[in-house]
Amino acid sequence: TPFPYTTLFRSGAIGGLRFLIKNGFFKTKTSQAGVRNELAEKNYHYSSQAIYEALKVLSKPSGSLVVLKEKGIKVYVERK
């Protein structure tokens, strides 16, 4: 079933990522593919480009996520 939408979230891919942040998905490192798979499991389907752009916005210095590179792959984790 789709996850609940509240005014706390925006619509689109950023809203989906905010939902994952709120529910602790980013407590562990995950790649863009991992994010896309998790959203797909929740029956929300976004293009890789839409997810990439949303991750880019949320991993700015003022954002909720931090981006790291491990073995040449970007991984995202919640900012402490």
Side-chain angles (χ1 to χ4, degrees):
T1 63
F3 48 77
Y5 183 85
T6 67
T7 55
L8 175 67
F9 304 117
R10 288 185 183 160
S11 62
I14 287 182
L17 293 181
R18 288 184 193 275
F19 171 79
L20 295 180
I21 291 167
K22 181 177 183 256
N23 288 291
F25 177 75
F26 288 100
K27 296 267 186 224
T28 58
K29 298 173 189 172
T30 188
S31 67
Q32 178 181 342
V35 172
R36 189 170 189 207
N37 291 338
E38 183 68 17
L39 288 171
E41 284 179 20
K42 307 274 191 251
N43 206 25
Y44 281 81
H45 305 281
Y46 300 107
S47 69
S48 292
Q49 185 66 33
I51 293 170
Y52 172 75
E53 292 298 327
L55 286 168
K56 206 164 69 169
V57 167
L58 292 175
S59 62
K60 287 182 178 179
S62 61
S64 305
L65 301 175
V66 66
V67 62
L68 308 167
K69 244 185 180 177
E70 289 188 351
K71 299 178 184 175
I73 297 173
K74 287 183 179 180
V75 293
Y76 301 86
V77 68
E78 194 170 347
R79 191 178 300 276
K80 299 269 177 179

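Keep in mind that this is a model prediction, so the values were computed, not measured.
Annotation: side chain to side chain donor-acceptor pair (under 3.5 Å) contacts of Ser31 (sequence neighbours excluded): none. Under the side chain to side chain donor-acceptor pair (under 3.5 Å) criterion, Glu38 pairs with Lys42, sequence neighbours left out. Ala40 is linked by a side chain to side chain contact (heavy atoms under 4.5 Å, CB included) to His45, counting only residues two or more places apart in sequence or in another chain. Residues meeting the side chain to side chain contact (heavy atoms under 4.5 Å, CB included) test with Thr28, sequence neighbours left out: none.
Contact check for Phe25 versus Val35: side-chain heavy atoms found under the 4.5 Å cut-off. Using a 4.5 Å heavy-atom cutoff, the side chains of Leu58 and Ile21 are in contact.
Side-chain atoms of Arg36 come within 3.5 Å of backbone atoms of Tyr46 as a donor-acceptor pair (strictly under, hydrogens ignored). Side chain of Tyr76 to backbone of Gln32: no donor-acceptor contact under 3.5 angstrom is found.
Heavy atoms from other residues, nucleotides or ligands lying under 6.0 Å from OH of Tyr52 number 12 at most.
Sorted by first and then second residue, the salt bridge (Lys or Arg N to Asp or Glu O under 4.0 Å) pairs with a member in residues 43-54 read Glu53-Lys56; sequence neighbours excluded.
Of all the heavy atoms in Ala50 and Ala13, the pair that sits closest is O-CB, 3.7 Å.
Between Leu55 atom CG and Ile14 atom CD1 the span is 9.5 Å, to the nearest 0.5 Å.
Linking ILVMFWY side-chain heavy atoms closer than 4.5 Å, directly or via other members, places Val77 and Leu17 in two distinct hydrophobic clusters. By the criterion of side-chain heavy atoms lying less than 4.5 angstrom apart, applied directly or through intervening Ile, Leu, Val, Met, Phe, Trp or Tyr residues, Val75 is not grouped with Phe26; the two fall into different hydrophobic clusters.
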Check residues 62-71 and write down every donor-acceptor pair under 3.5 Å in which the side-chain atom is one partner and the other belongs to a residue at least two apart or another chain.
unit_1, atom_1, unit_2, atom_2, d
Glu70, OE2, Lys29, NZ, 2.6

